[in-house]
*Asks:* 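Below are the structure tokens for one structure; questions will follow.
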Amino acid sequence: MEEEMTLDIRELLWMIKKRIKMIVLITFIISLSTFLVSAFVIAPTYEAKVSVVIGKSQNSGDNEKGNYNYNDVMMYQNLVKTYGTIAQSDDVARRTIKRLNLDMESKNLKAALKVNPKQGTQILDIKIESKDPNEAKAIVDTLTQEFIDKASKLIPNGNVQMLDKAQIPENPVKPRKLLNTLIAFFIGLMLSLGLTFLLEYMDNTVKTEEDIKKILDLPVIGVIPDHEV
């Protein structure tokens with residue numbers, strides 16, 4: 001059993017060694033093509049972010065205004081998801097588009113929008129992706145303000161304030177050139193190895209003594225030496 005396994009491993013290594021040039025070439029071409037497409041064909045995408053904190057209003061009528069107890073913290077942590085839904089509403093998107101006079105539909109703006117509540121906090125991250133870094137900042141600033149206005153009307157006792165203002169993004173978040181190239185490398189390697197094994201499987205010619213024993217189940221009675229003339 002161990003001998004058969006050793007022979008199989010040797011055969012696999014022999015097949016790879018036999019077509020190593022093809023494997024390297026296919027892997028290289030796919031990896032290089034992916035890198036070139038990521039670097040020069042796909043337009044870079046920029047992301048601008050605003051962080052807001054959800055709390056209670058200073059005019060809520062509490063005896064100790066601005067002070068939080070455990071129940072307050074837990075309540076507003078649970079409300080973060082509600083505020084996130086408001087930020088992603090069609091009304092907020094339409095108001096943002098109208099205010100900036102953008103040439104897009106609300107569904108396209110919502111597709112570029114990410115609203116992520118930070119686990120265990122009262123903080124909400126609002127992100128916008130755009131091909132133009134200045135546009136990304138302008139949209140996220142305006143959308144956040146429209147969201148705050150909408151939330152104050154729907155939840156009068158709530159209070160939403162900006163924690164971090166948006167900055168003009170300097171580096172794109174997409175495409176990820178290194179990640180894409182690494183993925184392409186492994187895909188190219190798997191494809192080239194699969195092609196190698198397929199070609200060997202389809203090759204039914206007899207080349208060695210072992211092939212005769214394995215395919216024809218006949219003993220080898222003689223070998224003609226290969227002499228160059």
Side-chain angles (χ1 to χ4, degrees), residues 1-49 84 88 104-105 107-120 125-133 135-136 168-229:
M1 185 69 177
E2 291 182 1
E3 184 177 353
E4 291 181 1
M5 184 178 296
T6 303
L7 289 175
D8 290 340
I9 293 175
R10 288 179 180 176
E11 287 178 2
L12 290 175
L13 293 177
W14 178 80
M15 286 188 288
I16 293 173
K17 183 179 179 180
K18 177 183 175 182
R19 303 186 189 275
I20 188 65
K21 292 182 179 179
M22 182 194 73
I23 294 172
V24 172
L25 183 62
I26 292 176
T27 304
F28 176 75
I29 290 175
I30 292 178
S31 301
L32 180 62
S33 300
T34 302
F35 174 78
L36 293 176
V37 169
S38 298
F40 302 106
V41 177
I42 301 176
T45 300
Y46 297 86
E47 182 181 83
K49 183 186 80 169
Q88 298 176 84
M104 66 170 63
E105 298 181 4
K107 63 179 181 181
N108 301 121
L109 178 57
K110 291 172 65 177
L113 172 66
K114 295 180 182 177
V115 179
N116 302 319
K118 287 190 175 181
Q119 187 71 24
D125 288 336
I126 302 174
K127 304 175 184 178
I128 283 289
E129 292 183 352
S130 175
K131 304 298 182 184
D132 184 347
E135 183 182 71
I168 297 176
E170 297 180 357
N171 300 313
V173 293
K174 297 177 184 177
R176 296 183 175 181
K177 289 178 271 192
L178 179 58
L179 179 61
N180 292 346
T181 303
L182 287 174
I183 293 174
F185 171 82
F186 286 109
I187 292 176
L189 184 60
M190 293 300 103
L191 287 175
S192 58
L193 288 175
L195 181 59
T196 296
F197 298 144
L198 178 62
L199 291 174
E200 286 298 323
Y201 176 77
M202 295 176 64
D203 185 2
N204 57 5
T205 58
V206 177
K207 300 181 179 66
T208 64
E209 298 177 36
E210 288 75 13
D211 290 340
I212 295 175
K213 296 176 182 178
K214 183 184 295 185
I215 299 173
L216 303 178
D217 194 24
L218 294 173
V220 178
I221 59 176
V223 179
I224 300 174
D226 184 13
H227 291 294
E228 294 183 359
V229 179

*Asks:* Distance from Lys174 atom NZ to Leu179 atom CG, nearest 0.5 Å?
*Replies:*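 Lys174 NZ to Leu179 CG: 12.0 Å, rounded to 0.5 Å.
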*Asks:* If you define the side chain from C-beta out and look only at heavy atoms, does anything of Tyr46 sit under 4.5 Å from Ile168?
*Replies:*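 A side-chain contact under 4.5 Å is absent here.
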*Asks:* When rounded to the nearest 0.5 angstrom, what is the spacing between CD1 in Ile16 and CD in Glu200?
*Replies:*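 Ile16 CD1 to Glu200 CD: 10.5 Å, rounded to 0.5 Å.
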*Asks:* Testing the basics here: between Gly84 and Val115, what is the closest heavy-atom pair and its distance to 0.1 Å?
*Replies:*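 Of all heavy-atom pairs spanning Gly84 and Val115, the closest is CA-CG1, 3.7 Å.
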*Asks:* Atom CZ of residue position Phe28 - does it have more than 12 heavy atoms of other residues, nucleotides or ligands inside 6.0 Å?
*Replies:*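 For Phe28, atom CZ is not crowded (no more than 12 foreign heavy atoms under 6.0 Å).
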*Asks:* Working to the nearest 0.5 Å, report the span between NZ of Lys49 and NZ of Lys114.
*Replies:*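 If we round to the nearest 0.5 Å, Lys49:NZ and Lys114:NZ are 12.0 Å apart.
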*Asks:* Taking side chain to side chain contact (heavy atoms under 4.5 Å, CB included) as the criterion, tell me which of Leu36, Ile30, Ile29 meets it with Leu32.
*Replies:*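 Single pass found, and it is Leu36.
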*Asks:* Between the side chain of Glu135 and the main-chain N/O of Lys131, is any donor-acceptor distance below 3.5 Å?
*Replies:*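 Here the side-chain-to-backbone pair does not exist.
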*Asks:* Go through the steps for Thr196 and Ile20 under the test side-chain contact (heavy atoms from CB on, under 4.5 Å), then give the verdict.
*Replies:* CA-CA 9 Å; Thr196 296; Ile20 188 65; over 6 Å; no
*Asks:* Please report the interatomic distance CG(Leu113) to CD(Glu129), rounded to the nearest 0.5 Å.
*Replies:*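 If I round to the nearest 0.5 Å, the distance is 10.0 Å.
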*Asks:* To the nearest 0.5 Å, how far apart are NZ in Lys110 and CG in Asn108?
*Replies:*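 The distance works out to 11.0 Å.
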*Asks:* Within this structure, what is the CD-CG distance for the pair Gln88 and Leu109, rounded to the nearest 0.5 Å?
*Replies:*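 Rounded to the nearest 0.5 Å, the CD-CG separation comes to 11.0 Å.
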*Asks:* If you look only at distance, which donor and acceptor atoms sit under 3.5 Å apart when one is on a side chain in residues 182-195 and the other is two or more places apart or in another chain?
*Replies:*
| residue | atom | partner | partner atom | Å |
| --- | --- | --- | --- | --- |
| Ser192 | OG | Gly188 | O | 3.0 |
| Ser192 | OG | Leu189 | O | 2.8 |

*Asks:* Could you please spell out the steps behind the side-chain contact (heavy atoms from CB on, under 4.5 Å) verdict for Tyr201 and Met15?
*Replies:* CA-CA 10 Å; Tyr201 176 77; Met15 286 188 288; over 6 Å; no
